[in-house]
A.B. asks: 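Pasting a structure below so you can have a look.
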Amino acid sequence: MVSFKSALDCAKSECIELNIETTRIEWLMMDLFQWTKVDFIVHMNDEMTSAQSQQFDVAKSRMLNGEPIQYIVGYQSFYGERFKVNNDCLIPRPETEEVMLHFLEKLNRDDTIVDIGTGSGNIPIMLKKLNTSLKIYATDISNKALLVAKENARQHQVDIKFLEGDALQPLIEQGIKVNGLISNPPYIDRADATFMEDTVLSYEPHSALFANDHGYRVYHDILANLPKVLKPNAQVVFEIGYNQGEILKNKIQTMYPDLMVSIVQDINNNDRIISFKWHD
């Protein structure tokens, strides 16, 4: 039998050979066995069972081949809660927590809101948990992503109305009007793929990453149809790429000159949020 420490030390050596940060294998072990940092320290000298050893070896091989840890263990944490993820949906990023909280601050208790391009459902589920009086819709063009989102909603025991379709079309088709709209859509220019990590390009769904028109297509599709779905004074919040703020702000104000559009930076001082209130 081998101890967790011995297995980890061997795995770290393999990481070094492949120029992979050794902290990743530590996180993999913790997430795989659902340990806290304290558990990690306490169990280091314990002997692994044969099942644990096999489980770790399989997970390690997947990680060394470039697969994201979140897909290997099957979940990602978002605002302190656990969400199922697989390669049918994008892995939630910490920056999106800031976008969600900015939107939440703008809402009233009984508002009807929608999340466009919901992926794993992390945004609407957390919004519902933080304000249980909200009535929430969530859309996605991917049926497979919606299956993940619905499972997450069941696990978190919240009521979200999920709709399949492109951008605002499901709302328009059903005559749904909302007081608030949030979206973290695909916004990466395909030309920027050369600057992205292989783990992202090889495993995360490209339909949730890239958009045509230099990354602005989905924004444009949403913006063009806003009059059909927004109630007066509705709040709109988009997550954006770090270099998209001024361009997207100008696009919005060209389409709707009377709107006051704000660009909000994240904790790293990168442009992260476009925010505005619809006219009354």
A.B. asks: If the test is side-chain contact (heavy atoms from CB on, under 4.5 Å), which one of D115, I113, V114 qualifies with L181?
C.D. replies: V114

A.B. asks: Under 4.5 Å between side-chain heavy atoms, counting indirect links through other Ile/Leu/Val/Met/Phe/Trp/Tyr residues: same cluster for V218 and I182 or not?
C.D. replies: no

A.B. asks: Looking at E98 and R272, does any basic side-chain N land under 4.0 Å from a carboxylate oxygen?
C.D. replies: no

A.B. asks: Quick one: are M260 and F276 in side-chain contact, heavy atoms under 4.5 Å?
C.D. replies: no

A.B. asks: Angle class for the W35/H43 ring planes (parallel below 30°, perpendicular above 60°, tilted otherwise)?
C.D. replies: parallel

A.B. asks: Measure across I125 and A153 and return the closest heavy-atom pair with its distance rounded to 0.1 Å.
C.D. replies: CD1-N, 3.4 Å

A.B. asks: Report whether W27 and L8 are members of the same hydrophobic cluster (ILVMFWY, side-chain heavy atoms less than 4.5 Å apart, transitive linking).
C.D. replies: yes

A.B. asks: Is it true that the side chains of D140 and S142 contain a donor and an acceptor less than 3.5 Å apart?
C.D. replies: no

A.B. asks: Where do V85 and S120 come nearest, in terms of heavy atoms and distance?
C.D. replies: CG1-CB, 4.3 Å

A.B. asks: Examine distances only and state if a side-chain atom of N86 and a backbone atom of D88 form a donor-acceptor pair shorter than 3.5 Å.
C.D. replies: yes

A.B. asks: Would you sort out whether Y137 and F162 count as a ring pair (Phe, Tyr, Trp, His ring centres under 6.0 Å), showing the intermediate values?
C.D. replies: CA-CA 6 Å; Y137 295 92; F162 292 101; over 10 Å; no

A.B. asks: I'd like to know if the side chain of K161 and the backbone of A138 have a donor-acceptor N/O pair within less than 3.5 Å.
C.D. replies: no

A.B. asks: So which atom in F83 and which in G121 form the shortest heavy-atom distance, rounded to 0.1 Å?
C.D. replies: CE2-O, 4.3 Å

A.B. asks: I'd like to know if I116 and V178 are part of one continuous hydrophobic network [Ile/Leu/Val/Met/Phe/Trp/Tyr, side-chain heavy atoms within less than 4.5 Å].
C.D. replies: yes

A.B. asks: Would you compute the distance between atom CG of N122 and atom CD1 of I91 and round it to the nearest 0.5 angstrom?
C.D. replies: 11.5 Å

A.B. asks: Which residues pass the salt bridge (Lys or Arg N to Asp or Glu O under 4.0 Å) test with D9, not counting sequence neighbours?
C.D. replies: K5

A.B. asks: So, taking the atom named OG1 in T132 and the one named CG in L127, what distance separates them when rounded to the nearest 0.5 Å?
C.D. replies: 12.0 Å

A.B. asks: N270 side chain to D266 main-chain N or O, any donor-acceptor pair under 3.5 Å?
C.D. replies: no

A.B. asks: Check N143 against E164 and note the closest heavy-atom contact, atom names and distance.
C.D. replies: ND2-OE1, 3.2 Å

A.B. asks: Cut-off 3.5 Å, no hydrogens considered: what does the side-chain donor-acceptor table look like for residues 221-241, sequence neighbours left out?
C.D. replies:
residue: D221; atom: OD2; partner: R217; partner atom: NH1; Å: 2.2
residue: N225; atom: OD1; partner: K228; partner atom: NZ; Å: 3.2
residue: N225; atom: ND2; partner: D221; partner atom: O; Å: 3.4
residue: E239; atom: OE1; partner: T96; partner atom: OG1; Å: 2.8
residue: E239; atom: OE1; partner: N184; partner atom: ND2; Å: 3.4

A.B. asks: Check the side chains of S3 and S6 for a donor-acceptor pair under 3.5 angstrom, ignoring hydrogens and angles.
C.D. replies: yes

A.B. asks: With a 4.5 Å heavy-atom cut-off, do S262 and I274 have their side chains touching?
C.D. replies: no

A.B. asks: Please name the pair of heavy atoms, one in P170 and one in D166, separated by the smallest distance, quoted to 0.1 Å.
C.D. replies: CD-O, 3.8 Å

A.B. asks: For a 4.5 angstrom cut-off between non-hydrogen side-chain atoms, does K135 reach D111?
C.D. replies: no

A.B. asks: With a 4.5 Å cut-off on side-chain heavy atoms, are K60 and D57 touching?
C.D. replies: yes

A.B. asks: Are K251 and H220 close enough that a side-chain donor and a side-chain acceptor fall under 3.5 Å?
C.D. replies: no

A.B. asks: Does CD belonging to Q265 count more than 12 external heavy atoms closer than 6.0 Å?
C.D. replies: yes

A.B. asks: Contact between Q169 and Q174 at the side-chain level, heavy atoms closer than 4.5 Å - yes or no?
C.D. replies: no

A.B. asks: Distance-only, no hydrogens or angles: does the N250 side chain make a donor-acceptor pair with backbone N or O of E246 under 3.5 Å?
C.D. replies: yes

A.B. asks: Locate the shortest heavy-atom distance separating N87 from P205; write the atom from each residue and the value.
C.D. replies: O-CD, 3.6 Å

A.B. asks: Using a 4.5 Å cut-off on heavy atoms from C-beta on, say whether the side chain of T118 contacts that of P124.
C.D. replies: yes

A.B. asks: Consider only side-chain heavy atoms of I, L, V, M, F, W and Y, link residues closer than 4.5 Å, and tell whether I20 and M29 are in one cluster.
C.D. replies: yes

A.B. asks: Treating Ile, Leu, Val, Met, Phe, Trp and Tyr as nodes and any side-chain heavy-atom pair under 4.5 angstrom as an edge, say whether Y75 and F56 lie in one connected cluster.
C.D. replies: yes

A.B. asks: Cation-pi check, K106 to W278: give yes when NZ or CZ is under 6.0 Å from the six-membered ring centre and within 45° of the ring axis, no otherwise.
C.D. replies: no

A.B. asks: Could you check whether any side-chain heavy atom of Y242 comes within less than 4.5 Å of a side-chain heavy atom of E95, counting everything from C-beta outward?
C.D. replies: no

A.B. asks: Starting at OG1 of T22, measure out to CD1 of I16 and round the result to the nearest 0.5 Å.
C.D. replies: 6.0 Å

